[in-house]
Amino acid sequence: MEGESVLKLRSSEWFENENAELTFQHRSAMRAMGHNPESFVGKPIIGIFNAWNDFNSCNYPHKELVEFVKRGVLLAGGYPIEMHTISTPADFMKPSDLMYRNLLSMDIEESIRSQPIDGVVLLCECDKTVPGQLMGAASCDLPALQLAAGHRSSGSFRGKTVNYGTDLWKYSDDYKAGLLSDDDWKELEQSISCSLGGCPVMGTASTMKSLSEMLGMMLPGTSSIPATHAARKHAAEATGRRIVEMVRDNLTPSKLMTEEAFHNAIKLVAALGGSTNAAIHLTAIAGRLGIRIPIERYEELTEGIPLIVNLQPSGSHSMDDFFKAGGLRKVIRNLLPKLDADCLSCTGETIGDTYGSDMPAYADESEVISTLDAPFKQKSGLAILKGNLAPNGAVIKKSAVSPKLFRHRGQAVVFDGYEDMLARIDSDDLEVTEDNVLVLKNCGPVAMGMPEWGSIPIPAKLLRQGVRDMVRISDARMSGTSYGAVILHVAPEAIIGGPLAIVQTGDWIEMDLDRSTLRLDLDDAEIEARLKKWTRPEPQHKRGYPRLFAEHALQAPEGCDLDILRPNSKEEAKFVPPIVGRG
Ligand SMILES: CC(C)(O)[C@@H](O)C(=O)O
């Protein structure tokens, strides 16, 4: 292969170093584990970063899939080395797995930086493993590819298809409204989640996998394969093969994840009705490459991009249906006229060439994936709301809002924090009607690591009256599987003195999605006076990683990365390799 002879592998500094003592030390350490230098010296060493653990039902399939990746690496003439990283199971990590996304990204970055690795495979699935790995890989800029574990199968409850995530929230409302018995509820728990893999809807995991493929960091067509399908294993092997070629071609993340590629990804979020969390993660990944995405871009770029998939939570189908209808490949093909087709995919071809060719028709396709001319909803994407309540912006997913709430004016019912909300939300004494605006404070990145607490439950007494959507506002995030008129990521957050901190029950709030505004109906002087009286609550954590996060986390419009991890320019983004000497 042309270029092979000139390829200087990074790992050769460890294994073919002019300093005989170093070469000896590194080779003998490898021998101790049964790795014969004859088998790996001079070959691209592929670090396979595995983020499965016994709590992570999404990433768990990687325990087995990794063997197929290794096979692919060996078949292509590379040498695989498996490594474990922090895992971020969204179901279990409290208060929020977002905080640990940054820790995971540091784990990846420093593991790559410090060890003899030439190329990287990142095994991902659960929400934060996808962006966390991309952030780490972007900071190192060695050739890297992601492989997802795939989504879990839909379940069946009393003859109806049920999807973990979105249907959990839906049935939970029904349970609280008295429409499901305790026995029904137990049966649902047993039937909703019946295989391993990510959420089977367009939640954060599916959104982020799709974006990884759009950014060129996952093999084309692989992001929507179900976890249980044999094609996942083929994708794993193909990923192993391809990364070896990418090392030989020096196809690095910065060549794939360009500013234009991020713009394509933002457009894709709108076409998919993807998770609001994408606005935080894309900004954080781009930030590692010295690319700034102003929050307004998320709205500007998606003007005129309709919803072309009919998947929960914005529509009705599951990821299994999506796969059968042609999956992301078909969506990107249909969206191509709106994309920059010159961006590269990880095949080394442009996305125009990779996704442009005709695809066969699939069963039920038009019910699940549409064309730009006949979309499921005209209004999609994220609205970035601005106004005196969110001077630096707030986010809402347009495709998930009940149409009657697109413009709304109502009086606030305020909760000072999550515990206050839990204590009062279902009380019959809570004075609330469906016209009120529920406001939750002190759940932002600095306060709490920004948990998915933003889809404040509809008060039980309103559920019993049949209410299923209300305007809700917070500085928290929400699950990608949730839906409703939920305004999130209010910035600046309350705990650092954002105007959200001084909202009181009874204040009037106006939201207008057509004008992208969010206004607290108080004059500036009153807001100022209330802010003067406001005192900042004591930080919760006095030590450890939570303190580090609280002291360094950027606000939501900046991607919630730690300020010390984000370079100030492309120049600063350059990877600094270690000096290879005695350890
Ligand atoms: C369902 C979860 C855990 O909230 C997440 O997967 C998401 O989609 O945001």
Side-chain angles (χ1 to χ4, degrees), residues 51-53 55-61 87-101 104 124-133 148-155 162-173 188-189 192-212 223-224 227 269 272-282 284 309 311-315 317-319 322 382 395-397 399-400 418 443 445 448-457 472 474 476-484 486 488-489 556 560:
W52 77 271
N53 78 17
F55 273 129
N56 199 331
S57 54
C58 309
N59 288 44
Y60 201 87
S87 196
T88 49
D91 289 316
F92 289 104
M93 292 193 112
K94 311 294 178 195
S96 162
D97 57 341
L98 177 71
M99 193 156 95
Y100 299 105
R101 176 201 68 177
L104 183 146
C124 63
E125 181 61 41
C126 200
D127 315 0
K128 311 304 174 294
T129 59
V130 188
Q133 290 177 343
H151 59 270
R152 66 187 66 186
S153 313
S154 300
V162 280
N163 291 309
Y164 186 68
T166 306
D167 281 322
L168 167 59
W169 321 130
K170 210 175 88 199
Y171 282 100
S172 170
D173 282 352
L188 180 66
E189 180 195 297
I192 200 166
S193 198
C194 47
S195 89
L196 297 165
C199 292
V201 298
M202 193 43 76
T204 308
S206 300
T207 302
M208 293 314 300
K209 282 182 286 183
S210 305
L211 297 181
S212 175
S223 63
S224 21
V269 179
L272 294 172
S275 170
T276 45
N277 287 316
I280 292 178
H281 298 321
L282 284 174
V309 305
L311 292 184
Q312 287 185 354
S314 299
H317 284 275
S318 70
M319 284 299 286
F322 185 57
L382 308 179
V395 168
I396 187 167
K397 187 193 217 176
S399 56
Y418 188 63
C443 301
M448 278 288 150
M450 211 179 178
E452 291 182 342
W453 292 343
S455 51
I456 306 166
R472 289 158 269 179
S474 75
R477 296 178 299 122
M478 84 170 175
S479 165
T481 63
S482 297
Y483 45 86
V486 186
L488 303 151
H489 310 183
C560 298

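Note that ligands are numbered from 1 as they come in the structure, with each ligand's atoms numbered from 1 the same way. Here the structure is a predicted model, which is why all the values come from computation and not from measurement.
- At a heavy-atom cutoff of 4.0 Å, ligand 1 is surrounded by Ala90, Asp127, Cys199, Gly203, Thr204, Asn277, Glu452, Ser479, Gly480, Thr481.
- Formation of a donor-acceptor pair under 3.5 Å by the Thr166 side chain with backbone atoms of Thr481 is found in this model.
- Side-chain N or O atoms of Thr88 include none that pairs as donor or acceptor with a backbone N or O of Arg101 at under 3.5 Å.
- Nearest heavy-atom pair across Ser87 and Asn53 is CB-ND2, 3.4 Å.
- Using cut-offs of 30° and 60° on the angle between ring planes, the pair Tyr60 and Trp52 is perpendicular.
- For the salt bridge (Lys or Arg N to Asp or Glu O under 4.0 Å) test, residues two or more places apart in sequence or in another chain that qualify with Arg477 are Asp97, Glu452.
- Asn277 places a side-chain N or O within donor-acceptor distance of the main-chain N or O of Met478, the cut-off being under 3.5 Å.
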